[in-house]
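Side chains included, hydrogens not; waters and symmetry mates left out as well; all remaining heavy atoms used. In listed order, ligands and their atoms are each counted from 1.
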Amino acid sequence: MTMRRSIFLKNMALGLGASLMLAACGGGDSAPSATGEGGEAPDAAAAVLRVATEPAFPPFEFQAEDGELQGFDIDLMNAIGEEAGVEIQFESLPFDGIIPALQAGTVDAAISGMTITEERLQTVDFSRPYIKAGLAIAVKADNTDITSLEDLAGKKIAVQIGTTGADQAAEVDGAVISTFDSAPLALQELANGNVDAVINDAPVTLDAIASGNIEGLKVVGELVTEEFYGIALPKGSENVDLINDALMALMENGTYAEIYQKWFGTEPTELPESAF
Ligand code: GLN
């Protein structure tokens, strides 16, 4: 069991690190300078970016014991702020409140392990993809009858509300779905034996298992989906270019790779320029 888990974990890490394709991105774009380098007008973006996140999604975003935000997304967003010359102010929100907040303009952006989906693109804009992830099925460590999505028909599935995992579960025939405000709560429901499975982002489920935060679970089968996370912004936001330019600069100057290494222990690899 442990063996299988660690191989899966390793494969996942390799998959995540698959390929950061810089060459295809045109290169050479440097982040805009807040002071309007080269006589250009200063970028119209605000000097402070209010950035929403749902901080119960380790290793992407979580709170340290002292309440401070940590994680891959947090480090990346802070690095983007530094590169772009804007101050990042994080705001914690429930995951299903993030898109409404972007639409209402009460936040300027969101980084929250959020998958770029066609549906979300109807209501918000996204940065270029900044990491590859995907959904995985988790079951109790001693479960032997669920090994694939098909096996979930008619079963009890826990998911986090408003997520791609919840969308996937909704498509399973006859499944009884319980929704939770955060991924750890859904995983705990499974650990408590109240549901048969959880559909959640693989890196987060694997981290919960590997860290010992949730005990007695395993991930089964193949990844159910391949997904790319993006930074979400209000539709038509003038900050899309600012964030994309800074992200590209970090990918080119090694900062992105450093942050990736810190949280995933491997080299980052290729990412497409856009999710679709
Ligand atoms: N990646 C999933 C989604 O975008 C889950 C995100 C999350 O729970 N923070 O729906």
For this session: Give the other cluster members for L185, using side-chain heavy-atom distances under 4.5 Å between Ile, Leu, Val, Met, Phe, Trp and Tyr residues; answer none if it is isolated.
Result: F180
Problem set entry | Residues lining ligand 1 [heavy-atom distance under 4.0 Å, listed by chain and residue number] | F57, F95, S112, G113, M114, T115, R120, Q160, T163, T164, D201, Y229
Exercise. Does K235 have any side-chain hydrogen bond (donor to acceptor under 3.5 Å, both in side chains) partners at least two apart in sequence or in another chain, and if so, which?
Worked result: D125
Exercise. Is any NZ, NE, NH1 or NH2 atom of the basic residue among R128 and D245 found under 4.0 Å from an Asp or Glu carboxylate oxygen of the other?
Worked result: no
Problem set entry | Under-4.0 Å salt bridge between E227 and K132 | no
Exercise. With sequence neighbours excluded, what pairs up with T163 under the side-chain hydrogen bond (donor to acceptor under 3.5 Å, both in side chains) test?
Worked result: none
For this session: Please find out if less than 6.0 Å separates the ring center of F264 from that of F60.
Result: yes
